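Residue numbers begin at 1 in each chain, while the letters A, B, ... track the order of the sequences. Only a predicted model underlies this, so the values are computations on that prediction, with no experimental measurement involved. Atom set for the values below is all heavy atoms of this structure, side chains included, hydrogens, waters and symmetry mates excluded.
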Amino acid sequence: MTVTASDHTHAIPIDLHINNQPTRLEVEPWTSLLDALREQLHLTGTKKGCDHGQCGACTVLIDGTRINSCLALAVMQDGKAITTIEGLGTVETLHPMQAAFIEHDAFQCGYCTPGQICSAVGMIKEGHARTADEIRELMSGNLCRCGAYSNILAAIEQVMGANISSEKVAA
Amino acid sequence: MTHDSNVPYIGRATSRVDGPLKVTGGAKYAAEYAAPGLLHGYVVSGAIAKGRITSIDVSDAMTVPGVVDVLTHEHRARTAWLSYNYQDMIGPPGKPFRPLYDDKIQYSGQPVALVVAESFEASRAAAALVRVSYKSEEHITDLEAVKGQSYVPPKRRSGIAPPPKPRGDADDAFDAAPVKVKQQYRVPVEHHNPMEPFATTVVREQDGGLTIYDKTQGSQNNQAYICSIFGLSKDKVRVVNAFMGGGFGSGLRPAYQLYLAVLASQTLERSVRVALTRDQMFTFSYRPETIQTVSLGAEPSGKLTAIRHHAVAGTSHFEDHQEVVVNWSGLLYDCKNAKLTYELAKIDTHTPADMRAPGAVLGVFAIESAMDELAYEVGVDPVELRLLNYAEKDENDDKEFTSKALKACFKEGAERFGWSRRSPEPRSMRDGRELIGWGMATGVWEAQLMDTQARVTIHLDGTLEVASATSDIGTGTYTVMAMTGADMFGLPLEKVRVKLGDSSLPTAPVEGGSWAAASTCSAIKLACQALTKDLLEHARALADSPLKRARPEDVVARDGRLFLRDAPGTGVAIQDILRSAKLDELSAKGEAKPDSKVQKTHSSYTHSAIFCEVRVDEQLGVVRVARIVNAVAAGKIINPKTARSQILGGVVMALGSALEEETFSDHALGRFMNHNLAEYHMPVHADIKDIDVIFVDEQDELTNELGVKGLGEIGIVGTGAAIANAVFHATGARIRSLPITVDKLIDSPAFTAEP
Ligand code: FES
Ligand code: FES
């Protein structure tokens with residue numbers, strides 16, 4: 001897929017792997033990854049809550065690591081693999097974290113939700129969280145004004161529990 | 001999983017029907033709709049609190065490539081003159097703020113220009129280049145400075161009950177009381193801060209109509225507002241709010257980006273989006289700062305003899321925003337003498353707005369803190385004190401309650417919490433260097449039903465559509481609507497489609513005040529009954545119809561059939577009914593209205609009892625809420641899963657209000673200072689430990705047909721007081737000014753006193 005920024009005079013071409021799809025994009029140097037995703041690629045699952053790195057709504061995974069896409073310039077992501085909420089799973093094939101969020105009612109308005117889910121997936125991969133309190137601490141960059149925190153914790157614990165047991169099975 | 005149509009969904013924990021869309025990023029919010037040639041508008045916010053704009057220089061801004069226009073009060077399409085045309089259904093008495101109307105500055109952060117460009121980035125860059133000059137006038141934003149000029153609002157706000165007439169003689173009774181508590185309580189300005197910033201995307205359709213994707217709690221309120229200002233007819237303006245990223249009251253009234261987006265679209269004849277920044281989220285709605293005095297007179301036993309509650313709340317110079325702040329004190333307790341008074345004082349800010357449980361969060365914090373103080377004064381357990389003064393009827397209005405299971409809340413909440421193991425003395429429980437405190441309080445909120453319409457449609461393919469112009473702001477409206485339709489027609493949820501959040505649907509009020517579930521579901525029930533009746537009419541017309549002589553009350557619809565309740569074998573397939581009537585679908589409408597007969601004699605409220613454990617670091621004064629039990633009596637619970645989430649959300653916001661949230665003003669500049677999410681502290685994951693929600697059994701046959709009372713507000717009411725009371729029990733320090741931050745605790749002599 002190639003997306004051009006028509007009127008943009010200083011547009012620079014970059015190649016991204018977005019949700020496993022090679023994507024050529026022309027972006028201006030001042031465009032954040034968040035705005036490139038939402039405005040140019042219409043991947044609006046990634047949310048803008050503050051645009052200042054203060055809320056976590058814009059969390060995506062870059063090469064598996066969670067980042068705030070509002071604080072990342074798109075032009076610096078050349079060659080990176082980016083996973084957004086749309087790439088984690090679909091309505092028909094939910095990612096286990098997405099399924100757990102539904103099961104535990106881990107959201108209300110749903111606006112912080114894509115960020116919470118991407119952040120939770122990234123956090124598990126980091127491998128530092130062992131207890132409920134550690135999960136709470138490591139998820140504290142993702143605000144939820146609806147106050148779904150207890151249910152988000154329950155959803156993450158469920159997925160982590162499943163991960164731990166599947167590792168055991170594998171071992 | 002197959003669905004047993006004999007087991008109703010209502011009352012069963014059901015996952016949100018809109019869940020899959022929300023967890024995959026498929027749910028679209030106002031700023032997420034595309035349109036060919038969409039322009040982006042960026043708001044320029046004013047820099048002074050009061051005065052006039054002397055000039056706006058847009059020449060530099062216009063040189064930025066991609067900029068199309070800069071709208072100002074001097075350069076814009078013509079809109080309505082009269083402030084009357086800017087009224088919305090929710091607004092209080094006064095003259096509503098009119099964006100870009102003239103050169104007058106009424107508050108800091110007021111929008112003064114809109115830069116419109118081909119890209120978001122260009123509009124943002126150019127906005128920084130718009131040069132506005134002002135002539136300042138003196139302003140006052142400090143409520144403390146004007147509280148002496150408070151006044152009783154001359155015109156009451158529709159839907160807001162003024163304080164009841166005094167009963168008995170509270171002044172005399174207070175003077176004569178053997179035990180007295182008289183204290184001042186304060187709650188500062190708070191901001192709603194839903195996670196989704198306000199945004200509007202105006203799409204110009206080929207026929208010249210506007211489809212407006214707007215962040216709002218009421219599509220029809222905003223549709224009427226836009227039509228009135230721009231002189232458009234309703235069939236040319238459709239407002240859509242299929243998903244809303246949180247409102248909490250901030251989206252009850254039209255926000256100014258809606259007006260600006262339509263203005264730009266009308267001026268330039270293009271599709272336009274305007275999204276506010278997070279700091280602009282602090283420029284159009286807030287919970288008003290409120291200074292309250294509560295005086296309680298009592299017998300030595302703790303029996304109340306006098307209640308006085310006086311509140312002064314801030315409002316703007318142009319509107320008298322009003323809330324129900326003091327009435328709760330006369331409602332919660334049995335007391336012969338009560339005097340409740342509420343006044344406003346004007347400051348140079350924008351008009352405050354309803355924020356989750358408006359008024360109640362403030363007033364109940366005060367009365368429930370004062371009751372806790374009285375409990376220590378007379379040496380009676382706080383729960384016992386409340387039982388001793390329990391109101392069996394609404395003494396404010398001299399009415400019976402439709403139901404009131406508050407005693408069950410006390411009992412079940414206390415048991416779950418382990419309240420009986422509490423040691424009554426302050427500072428008497430600890431764990432290492434942490435002081436432990438147990439506190440409790442009562443919560444209360446009005447149970448209302450609002451005039452609401454719904455339409456249900458049965459299709460030839462066996463699916464049912466339920467539709468109403470209500471909103472789902474995270475409250476679970478989609479799901480309870482689907483559950484109601486599914487139960488009425490005995491269908492699995494998968495066969496029910498929900499339409500809401502669209503001004504073209506049957507009339508519904510704004511989504512707020514905890515009335516949506518009761519009102520919408522009642523309307524759906526009535527619509528389904530009407531549809532069943534219509535189906536029966538058609539079924540009777542069938543040749544050899546087994547339902548020829550059936551009366552509407554004898555038949556039920558289940559699993560795609562219409563049959564006799566008492567003889568399920570006798571019936572007709574709904575598909576056959578439709579086919580023989582040559583119909584692809586059949587629709588019916590229902591309208592729910594409050595029962596004015598019941599209202600004459602009865603009041604209806606939800607109640608709660610909140611029990612809280614805090615742990616306070618003895619040296620550092622850091623307060624952590626270790627656990628909360630919130631026992632709620634709210635009539636019938638439609639969906640225990642989303643209902644619990646509603647209460648959790650209320651409790652979390654209450655924790656913010658009690659311990660973290662405050663919007664600080666620089667009164668010299670007349671401006672809110674901490675207008676971002678790093679400096680406006682609200683609860684994060686790490687702040688939230690154990691929250692336990694109990695729904696006590698409460699049967700209510702009078703409040704409405706479904707017996708549903710609503711849940712959006714009750715979780716937050718009283719919870720702040722329970723936390724503050726627990727802090728007092730832990731530390732011996734009574735903090736009467738929220739939020740209870742480390743500095744206030746450390747400064748309190750009781751906190752630092754050696755035991
Ligand atoms: S939008 Fe990126 S952290 Fe808030
Ligand atoms: S679900 Fe609404 S902000 Fe988290």
Side-chain angles (χ1 to χ4, degrees), chain A residues 5-9 28 30-31 35 38-39 42-52 54-55 57 84-86 88-91 94-95 97-99 101-103 105 107-114 117 133 135-153, chain B residues 15-16 18-29 31-32 34 40 65-66 118-121 125 192-197 243-248 275 277-278 472-476 641-642 644-646 648-653 655 676-678 682-691:
Chain A
S6 51
D7 281 341
H8 298 210
T9 41
E28 293 199 80
W30 63 8
T31 298
D35 288 328
R38 282 171 66 85
E39 302 301 332
H42 302 296
L43 289 171
T44 53
T46 308
K47 304 303 181 194
K48 184 187 279 191
C50 69
D51 224 5
H52 280 66
Q54 297 170 345
C55 77
T84 70
I85 191 72
E86 292 92 344
L88 274 185
T90 64
V91 168
L94 294 171
H95 183 280
M97 189 64 78
Q98 292 171 319
F101 264 59
I102 295 175
E103 188 185 333
D105 205 36
F107 53 89
Q108 293 179 39
C109 77
Y111 199 77
C112 73
T113 311
I117 291 173
D133 269 346
I135 296 173
R136 290 182 176 115
E137 187 63 36
L138 292 168
M139 286 297 294
S140 281
N142 289 84
L143 303 185
C144 175
R145 188 54 157 167
C146 295
Y149 295 124
S150 331
N151 292 349
I152 295 171
L153 175 71
Chain B
S15 291
R16 283 171 205 263
D18 52 336
L21 277 182
K22 282 179 173 170
V23 300
T24 55
K28 277 203 187 192
Y29 299 80
E32 297 172 353
H40 298 258
E118 301 285 350
S119 75
F120 166 69
E121 289 84 353
H192 306 70
N193 275 314
M195 291 315 299
E196 180 201 15
F243 291 98
M244 191 203 195
F248 316 113
T277 61
R278 179 54 61 180
D472 187 334
I473 65 173
T475 38
K641 194 175 212 168
T642 51
R644 176 172 169 273
S645 292
Q646 288 263 75
L648 290 176
V651 167
V652 169
M653 202 175 270
L655 190 148
N676 58 68
L677 295 179
M682 48 196 213
V684 301
H685 275 280
D687 297 322
I688 304 305
K689 309 289 184 205
D690 190 10
I691 306 172

Please state whether the side chain, the backbone, both or neither of [X] comes within less than 4.5 Å of a heavy atom of chain B.
X      : answer
A:I117 : side chain
A:L94  : side chain
A:H52  : neither

Interface moiety of [X] toward chain A, non-hydrogen atoms closer than 4.5 Å:
X      : value
B:T277 : neither
B:A275 : neither
B:N676 : both
B:A678 : both
B:T642 : both
B:F243 : neither

Would B:E196 and A:K47 satisfy salt bridge (Lys or Arg N to Asp or Glu O under 4.0 Å), going step by step from the backbone distance to the final call? CA-CA 8 Å; B:E196 180 201 15; A:K47 304 303 181 194; over 6 Å; no
Minimum heavy-atom separation for [X] and [Y], please, with both atom names.
X      : Y      : value
B:Y29  : A:C109 : OH-O, 2.6 Å
A:C55  : B:L677 : CB-CD1, 3.7 Å
A:Q98  : B:V23  : NE2-O, 2.8 Å
A:S140 : B:A686 : OG-N, 3.0 Å
B:A125 : A:W30  : CB-CZ3, 3.5 Å
B:P683 : A:R145 : CD-NH1, 4.2 Å

Is any side-chain heavy atom of [Y] closer than 4.5 Å to one of [X]?
X      : Y      : answer
A:C146 : B:F248 : yes
A:L143 : B:M195 : yes
B:E121 : A:D35  : yes

What distance separates [X] [atom1] from [Y] [atom2], expressed to the nearest 0.5 Å?
X      : Y      : atom1 : atom2 : answer
B:S119 : A:E39  : OG    : CD    : 9.5 Å
B:I691 : A:S150 : CD1   : OG    : 4.0 Å
A:F107 : B:D18  : CZ    : CG    : 6.5 Å
A:F101 : B:S15  : CZ    : OG    : 13.5 Å
B:M244 : A:Q108 : CE    : CD    : 13.5 Å
A:I85  : B:K22  : CD1   : NZ    : 13.5 Å

Donor-acceptor pair, side chain of B:K28 and main chain of A:G45, under 3.5 angstrom: no
For the candidates [options], which exhibits the highest count of non-hydrogen atom pairs separated by less than 4.5 Å from chain A?
options                : result
B:K641, B:E32, B:Q646  : B:E32
B:D472, B:N193, B:D690 : B:N193
B:H685, B:H40, B:R278  : B:H685

Interface residue of largest heavy-atom contact number with chain B, from A:V91, A:L153, A:T113, under 4.5 Å: A:V91
Show your working on salt bridge (Lys or Arg N to Asp or Glu O under 4.0 Å) between B:D687 and A:R136 and close with a plain yes or no. CA-CA 8 Å; B:D687 297 322; A:R136 290 182 176 115; over 6 Å; no
Using the rule given for salt bridge (Lys or Arg N to Asp or Glu O under 4.0 Å), can you reason through B:R644 versus A:D105, listing the C-alpha separation, both sets of side-chain angles and the distance that settles it, and then say yes or no? CA-CA 9 Å; B:R644 176 172 169 273; A:D105 205 36; over 6 Å; no
